[in-house]
Structures are given as C-alpha cells and as structure tokens.
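Worth saying up front: this structure is predicted, and the values here are computed from it rather than measured.
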Amino acid sequence: MSTQPVPDPLLIACALGIEHLALRMGDRGGADGPVTVLRTGMGPRAAERSVTRILADPVFAGAAVLATGFCAGLAPGMHPGDLVVAEETRDPRGAVPCVGTELLVKELARTLPGRTVHTGPLTGSDHVVRGHERADLLATGAIAVDMESAATLLSAVRGGPRPVAAVRVVVDAPEHELVRIGTVRGGISAFRVLRSVLPAFFEWHRNVLLPRR
C-alpha cells in the first residue's frame, strides 16, 4: 500500500510579540503540511540568526519560508491596514526574488476583500525609518520598508532552494506616522489584518511546494 509523501513545512517568520500574537490568533485550518510560526526578534541580525538556526534542522530542509509582520509604507496614499506583497526583498547584501507574488495578491484579495494590496520591492533597514528617509528609500523604487524580511529571505535561500515570499501589513505611512504600535487606530487596524492572513499563506504554500529532493 502506497502512502502519500508528507508536504514540506511552511515556516512563517515575524519579529515582534504583537505580530506573533496576531498570527497565533489566526485561523489555522486549511494548512497543507506542518506550519511553524517563528518569532525571530527585532532587527536583521536577530532574524538572520533565528532563521539560520531553525533551517539547520533537517526537518526544515525543504520548508517554504514566508516573512510577515508590520512595515512602514513609503508611497503617498498608503494607509494603515494596507497589505504589501513583495516582488523582491532588498538590503545592502543583495536582492532575493519572491515566489508566487500574483497568487498571494489574488488570495489576499479573496481573504480580505476591500483591503488594498500593493506589490513591489520591499527594502530592509537596521532601524525604524522616519521622515526624510522614507523619500530616500522610495526613490530607490521600494514601496515599503521593514527590518527583518530581507534578512529572513536571504538566510532562507542560503540554506537551500525553497519558495520564499514576504507579506507585510502597513502600520504607518508618510501621512500616518505611528508613534507606538497598538496605541492608535492604525496599529489596531494592522493587527486585525495580520490576524486574518493565514488562509492566503496556506494557499500560497499549497501551490508553490517544491518536489522533495
């Protein structure tokens, strides 16, 4: 009697406790294979350490990796609660192309009807971006910035061939700068959106699984 192979896992990486809480509160139904939500800690170095460590486990040899959490929007007209699906992530060490961007956009639109979804390059920073820095980063072609996605995806692809993606929720934007997450309406809106994204992530995972080597 033949048995179906177990699908490779999905590793979802976020940085902050509030992001981890939102994902833990999300709907886990519909996952195609094991799902691990990893809290990496804040900043690119923490993300790189955490992701490299977990992917060294043979269990995660073929895992798909998706970086998520909050981000700062760079383009005028962005609002808290908007979604950003990265076409690539960038930092000074290079760019990592994302897999299945169009599928993620489609599934997020279906899962969260009415929410604006932006696509484009997602750039990395080692600090919280404020003021004029937004315009400088926008001039590079990036549409949003966060501190962990680029490091997460770079670490993921260094660990072996695998599907990677990054989906972020805008928590502040040029016209809506946030002082403290969770204390203003924008932070609450972003939290609710992040809590609802898992079904789209699972559908992405189902469609981009690589064959076992």
Identify all side-chain donor-acceptor contacts of residues 103-114 below 3.5 Å with residues at least two apart in sequence or on another chain.
residue	atom	partner	partner atom	Å
E107	OE1	R110	NE	3.0
E107	OE1	R110	NH2	2.6
T111	OG1	E107	O	2.8

- [ ] Using side-chain hydrogen bond (donor to acceptor under 3.5 Å, both in side chains) as the criterion, list what pairs up with H20, not counting sequence neighbours.
- [x]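 In terms of side-chain hydrogen bond (donor to acceptor under 3.5 Å, both in side chains), with neighbours along the sequence ignored, H20 is linked to no residue.
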Open item on the list: Restricting to side-chain hydrogen bond (donor to acceptor under 3.5 Å, both in side chains), what partner residues turn up for E87, sequence neighbours left out?
Closed with: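 By the side-chain hydrogen bond (donor to acceptor under 3.5 Å, both in side chains) rule, E87 matches no residue at all.
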TODO: Check salt bridge (Lys or Arg N to Asp or Glu O under 4.0 Å) between R158 and all other residues, then give those that pass, not counting sequence neighbours.
DONE: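 R158 satisfies salt bridge (Lys or Arg N to Asp or Glu O under 4.0 Å) with E48 only.
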Task: salt bridge (Lys or Arg N to Asp or Glu O under 4.0 Å) partners of R90, counting only residues at least two apart - done: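 Partners of R90 under the salt bridge (Lys or Arg N to Asp or Glu O under 4.0 Å) test: E88.
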- [ ] Measure across A86 and L122 and return the closest heavy-atom pair with its distance rounded to 0.1 Å.
- [x]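 Looks like CB-CB, 3.8 Å.
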Open item on the list: So which atom in A67 and which in S149 form the shortest heavy-atom distance, rounded to 0.1 Å?
Closed with: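 Reported closest heavy-atom pair: CB-OG, 3.7 Å.
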TODO: Determine whether V169 and L83 make a side-chain contact, defined as any pair of heavy atoms from C-beta on separated by less than 4.5 Å.
DONE: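 When only atoms from C-beta onward are counted, L83 and V169 do touch, with a gap below 4.5 Å.
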Open item on the list: So V197 and L23, do their side chains get closer than 4.5 Å, heavy atoms only?
Closed with: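 Sidechains of V197 and L23: in contact.
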Open item on the list: Donor-acceptor pair, distance only, cut-off 3.5 Å: does the side chain of N207 make one with the backbone of E203?
Closed with: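 Confirmed, N207 side chain pairs with E203 backbone.
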May I have the list of side-chain donor-acceptor pairs in residues 35-44 shorter than 3.5 Å, sequence neighbours left out?
residue	atom	partner	partner atom	Å
R39	NE	A15	O	3.4
T40	OG1	C14	O	3.2

Task: Option passing side-chain hydrogen bond (donor to acceptor under 3.5 Å, both in side chains) with R168 (candidates D82, T68, D146) - done: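 Testing R168 for a side-chain hydrogen bond (donor to acceptor under 3.5 Å, both in side chains) against D82, T68, D146 leaves exactly one candidate, D146.
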